[in-house]
There are 4 protein chains.
Amino acid sequence: MCSRTNPRSSRTGRPRSTEADAAILEATREALVELGWSKLTMGDVAGRAGVAKTTLYRRWANKSELVVDAVAVLFDELELPDLGSLRADVEHVVLQFAALLERPETKTALMAVVAESTRDEPLRRRIRASIVDRQKRLVLEGRMRAQRRGELPADRDLPAVGATDDLIFDVIAGAVVHRALVSAEPVDGPWVARLSALLVGGLGAAATAGTPNA
Amino acid sequence: MCSRTNPRSSRTGRPRSTEADAAILEATREALVELGWSKLTMGDVAGRAGVAKTTLYRRWANKSELVVDAVAVLFDELELPDLGSLRADVEHVVLQFAALLERPETKTALMAVVAESTRDEPLRRRIRASIVDRQKRLVLEGRMRAQRRGELPADRDLPAVGATDDLIFDVIAGAVVHRALVSAEPVDGPWVARLSALLVGGLGAAATAGTPNA
Amino acid sequence: MCSRTNPRSSRTGRPRSTEADAAILEATREALVELGWSKLTMGDVAGRAGVAKTTLYRRWANKSELVVDAVAVLFDELELPDLGSLRADVEHVVLQFAALLERPETKTALMAVVAESTRDEPLRRRIRASIVDRQKRLVLEGRMRAQRRGELPADRDLPAVGATDDLIFDVIAGAVVHRALVSAEPVDGPWVARLSALLVGGLGAAATAGTPNA
Amino acid sequence: MCSRTNPRSSRTGRPRSTEADAAILEATREALVELGWSKLTMGDVAGRAGVAKTTLYRRWANKSELVVDAVAVLFDELELPDLGSLRADVEHVVLQFAALLERPETKTALMAVVAESTRDEPLRRRIRASIVDRQKRLVLEGRMRAQRRGELPADRDLPAVGATDDLIFDVIAGAVVHRALVSAEPVDGPWVARLSALLVGGLGAAATAGTPNA
DNA sequence: CCCTAAGCGAGACGGTACGTCCGGTCTTACT
DNA sequence: AGTAAGACCGGACGTACCGTCTCGCTTAGGG
């Protein structure tokens with residue numbers, strides 16, 4: 001989670017405090033809630049965590065990387081219970097994702113680090129590894145479940161993420177983010193229903209038309 | 001475009017320089033290209049524009065509002081020529097939007113101001129007015145054209161933006177933004193084809209299923 | 001009083017408002033009382049005087065010159081009534097000068113413009129002409145009066161300011177200024193009595209010892 | 001000398017750099033010489049000292065306090081060698097003080113901080129402690145020496161500064177300052193001779209007249 | 001009675017310094 | 001070697017003033 005420069009952490013000297021790690025990440029989330037991304041400062045986080053600024057910089061290279069780590073864990077809460085149909089599964093995951101984006105920590109932090117990452121390749125990689133790629137499992141799981149149910153044709157290598165999975169992921173996540181943050185309108189039941197209908201309908205149409213996925 | 005507090009600008013005193021307005025916005029775009037959002041500074045922009053810092057602050061309350069105005073004009077370049085089919089029109093607008101997001105000015109700026117707007121209501125309004133709402137005309141135009149062609153059922157009040165228009169807008173814009181900035185993968189021909197197929201298929205499915213949404 | 005660049009003020013055009021002149025100087029004194037030298041601003045003075053900043057700069061080149069003019073008039077209030085003896089006259093003028101220096105306008109302004117004048121030759125000349133030289137009449141008058149009384153030998157060209165006059169002037173004014181502003185202790189009766197005794201005694205000693213003045 | 005808020009400087013953390021202290025004060029004097037009081041800026045001083053602006057503000061609250069500290073040390077150079085007579089001693093100290101006031105650092109700075117101190121009680125205290133009170137030792141020393149020689153009656157408590165000492169101090173310092181800065185005329189041999197004669201004569205007259213002042 | 005040159009209020013302008021804040025590094029002494 | 005404390009450099013912030021300018025308007029006196 002934190003950025004150990006050397007892979008096999010050196011054997012000698014005082015070991016790093018794991019309590020500090022947790023306190024810092026918690027303090028970061030707290031500061032995000034109270035202050036938002038742009039007014040969050042490293043000094044403030046250190047103060048809240050009862051830790052010296054040095055201790056932050058020993059673990060994270062800069063503010064962006066710290067915030068990515070602090071927020072990433074929240075994305076692991078997403079789950080995909082089997083609700084019996086593809087459409088129900090889609091609605092559920094959209095609502096979960098929307099609820100996550102309504103939390104002030106994520107709302108203020110996510111787009112900020114993404115914006116930052118357009119000029120910071122290491123940060124981009126960290127975001128992919130810590131947040132983006134991990135969520136694709138939800139799409140993969142949902143798709144395979146639908147294939148097992150027969151809602152989608154089962155002609156693809158099952159356990160790997162395909163191009164359509166990527167597309168669905170970008171559409172779902174992108175639509176929710178855009179609705180919530182850019183359009184700044186509520187991601188509520190009716191909207192989610194319409195989005196899910198569009199997606200399931202589109203997937204179904206593609207399936208019947210022959211399957212043009214990579 | 002810039003923030004004149006006084007609607008009918010006061011008759012007295014030296015009038016504001018419109019040349020300065022233009023020079024500042026141009027300098028802002030230039031600085032965004034060279035430096036990106038987070039390294040762009042008001043002082044630097046003032047320097048490039050050959051203008052005093054105070055002149056910037058007399059017009060814009062902060063960096064975010066300035067950047068919104070500087071970038072907004074780029075979104076007006078989007079057009080929607082009639083390519084003969086709904087799918088072709090969708091592909092075209094997606095590609096245009098993707099090209100816009102590939103420009104370094106917009107890539108670095110758009111998500112940054114959106115992130116900032118989560119804590120800044122006036123900024124949010126400015127983004128909506130200057131960028132978001134203006135682009136919805138493309139969706140409206142495309143939908144009405146498809147209805148005229150008979151590709152979509154014509155059962156809605158034509159000139160107003162409806163709930164499905166909003167949905168389509170969020171899906172297209174959100175998917176492109178997410179693909180380009182979050183997933184950080186190319187918005188290329190195949191991906192656009194798949195997205196367009198999904199959307200057109202979904203809209204068609206909804207139409208045949210007879211869902212008369214508002 | 002105010003700085004007309006060309007001596008014979010041009011015949012044509014709208015004449016300068018003499019009311020503005022007075023209002024500005026009064027406003028300057030008022031601002032000096034309330035704010036002191038360093039926090040007095042030209043804009044504030046203009047506002048108090050109900051006048052545009054341009055009108056100030058048309059008359060005075062800068063803040064220092066304005067303040068010199070505003071304060072100079074106060075020094076004209078000093079008088080030298082004949083109290084019957086050199087010592088009484090000296091005590092009286094010292095007390096008057098001390099009272100003048102206790103006024104907040106002069107206290108804060110005098111040393112400030114003097115300090116400024118160490119790097120500003122025109123200002124130095126203006127101070128001399130407007131403030132310093134005018135007060136020497138008091139010394140001259142007092143000395144001539146004492147000579148008429150026979151308290152001092154009458155062997156000098158009467159109406160001109162001599163070297164000893166200059167010395168006495170610097171000693172009196174300097175001692176009072178130093179006591180009031182630098183030592184920051186009260187210029188009260190006992191102190192004035194001691195100073196006057198010292199001066200009159202010194203002058204007397206010089207007179208009896210032969211008169212070694214220029 | 002510099003403003004440590006904490007009397008016993010805290011044991012923890014990185015200690016303040018004493019080299020920075022010295023460099024800043026030296027840079028301040030240098031800037032005073034080159035620019036004078038009113039054009040000296042904190043940023044410029046920081047630059048000359050090779051130090052960040054924050055380092056200045058960590059030590060001094062404002063420009064005035066910094067300049068007082070920078071200039072105070074110069075006043076410690078004054079000495080009072082025994083020249084054999086009260087009058088010679090007086091002449092010597094006056095010349096020394098005049099030479100000090102001719103230095104551009106002091107000429108421009110002294111009256112400026114005094115002017116500032118009329119509205120700034122802490123600054124006034126600092127000036128008294130750092131500059132004024134320290135110089136009174138010269139008057140005290142000179143007076144006691146004259147008493148030992150028998151030039152002045154020895155009827156006062158020897159080691160303490162009395163009211164006449166204060167008077168003499170204000171007269172000497174004030175006269176020199178006024179001559180040099182306000183009248184803006186040279187403090188040369190003849191003038192110093194006249195001033196010394198006046199003072200010694202006045203003190204003698206007071207002594208013979210039997211004025212046992214406090 | 002208009003013409004013209006200057007004064008005037010208002011307020012934007014370029015410039016410069018302010019004093020504060022933060023990022024990220026460093027130097028202490030202690031653990 | 002990690003840690004808390006806090007000083008350090010660098011640099012941007014947003015504000016305040018300075019002294020200048022550019023407007024449109026006013027106010028005389030001279031033709």
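Source: prediction; values computed, not measured. Every chain is numbered from 1 and lettered A, B, ... according to where its sequence line falls, protein lines coming before strand lines.
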Item checked: Results of salt bridge (charged side-chain N to carboxylate O under 4.0 Å, His left out) for B:Lys63 - residues two or more places apart only -> none
Checklist line | Minimum-distance nucleotide to C:Arg58 side chain [options: E:dC8, E:dC18, F:dT20] | finding: E:dC8
Next item on the list: Please answer whether the main-chain N or O of B:Gly47 pairs with a side-chain N or O of B:Asp44 as donor and acceptor at a distance below 3.5 Å.
Entry: no
Margin query: If you only use heavy atoms from C-beta on, which nucleotide in E:dG24, F:dC8, F:dT3 is closest to the side chain of A:Arg59?
Written below: F:dT3
Check: When the distance from CD of C:Glu65 to C1' of F:dC18 is rounded to whole Å, what number comes out?
Finding: 15 Å
Note to self: Salt bridge or not between D:Asp21 and D:Arg16? Use side-chain N to carboxylate O under 4.0 Å.
What the structure shows: no
Next item on the list: Rounded to the nearest angstrom, tell me the gap between atom CG in D:Leu56 and atom P in F:dC8.
Entry: 10 Å
Check: Expressed in angstrom and rounded to an integer, what is the separation of C:Asp21 atom CG from E:dC8 atom C1'?
Finding: 13 Å
Next item on the list: Tell me which nucleotide among E:dA17, F:dC9, E:dG24 gets nearest to the side chain of B:Lys53.
Entry: E:dA17
Checklist line | Given E:dG7, F:dA5, F:dT15, the nucleotide with the shortest approach to the side chain of A:Ala52 | finding: F:dA5
Note to self: I need the CD-C1' distance between A:Glu19 and F:dT3, as an integer number of Å.
What the structure shows: 13 Å
Check: With D:Asp120, which residues qualify under side-chain hydrogen bond (donor to acceptor under 3.5 Å, both in side chains), at least two apart?
Finding: none
Checklist line | Partners meeting salt bridge (charged side-chain N to carboxylate O under 4.0 Å, His left out) with A:Arg119 (sequence neighbours left out) | finding: none
Notebook entry, point to check: What is the distance, rounded to the nearest whole Å, between atom CG of D:Asn62 and atom P of F:dA16?
Noted result: 19 Å
Next item on the list: Determine whether A:Thr28 and A:Ile24 make a side-chain contact, defined as any pair of heavy atoms from C-beta on separated by less than 4.5 Å.
Entry: yes
Kindly give the atom pairs (protein nitrogen or oxygen, nucleotide nitrogen or oxygen) under 3.5 Å for nucleotides 27-31 of chain E.
{"from": "E:dT31", "atom 1": "O2", "to": "A:Arg14", "atom 2": "NH1", "distance (Å)": "3.3"}

Below 3.5 Å, can you tabulate the donor-acceptor pairs from side chains in residues 109-118 of chain D to any protein atom, sequence neighbours excluded?
{"from": "D:Glu116", "atom 1": "OE2", "to": "C:Ser38", "atom 2": "OG", "distance (Å)": "2.7"}
{"from": "D:Ser117", "atom 1": "OG", "to": "D:Val114", "atom 2": "O", "distance (Å)": "2.6"}
{"from": "D:Thr118", "atom 1": "OG1", "to": "D:Ala115", "atom 2": "O", "distance (Å)": "2.7"}

Next item on the list: Output the single nucleotide from F:dC8, E:dA12, F:dC13 whose closest atom is nearest the side chain of B:Arg16.
Entry: E:dA12
Note to self: Expected output is a numbered-order residue list: members of residues 34-51 of chain D with a heavy atom under 4.0 Å from any atom of DNA chain E. What is it?
What the structure shows: D:Thr41, D:Met42, D:Gly43
Note to self: Could you check whether A:Glu34 pairs with A:Arg29 (Lys NZ or Arg NE/NH1/NH2 to Asp/Glu carboxylate O, under 4.0 Å)?
What the structure shows: no
Notebook entry, point to check: Between A:Tyr57 (OH) and E:dC22 (P), how many Å, whole number?
Noted result: 12 Å
Next item on the list: Could you tell me whether B:Arg126 and B:Asp69 have a side-chain N and a carboxylate O separated by less than 4.0 Å?
Entry: yes
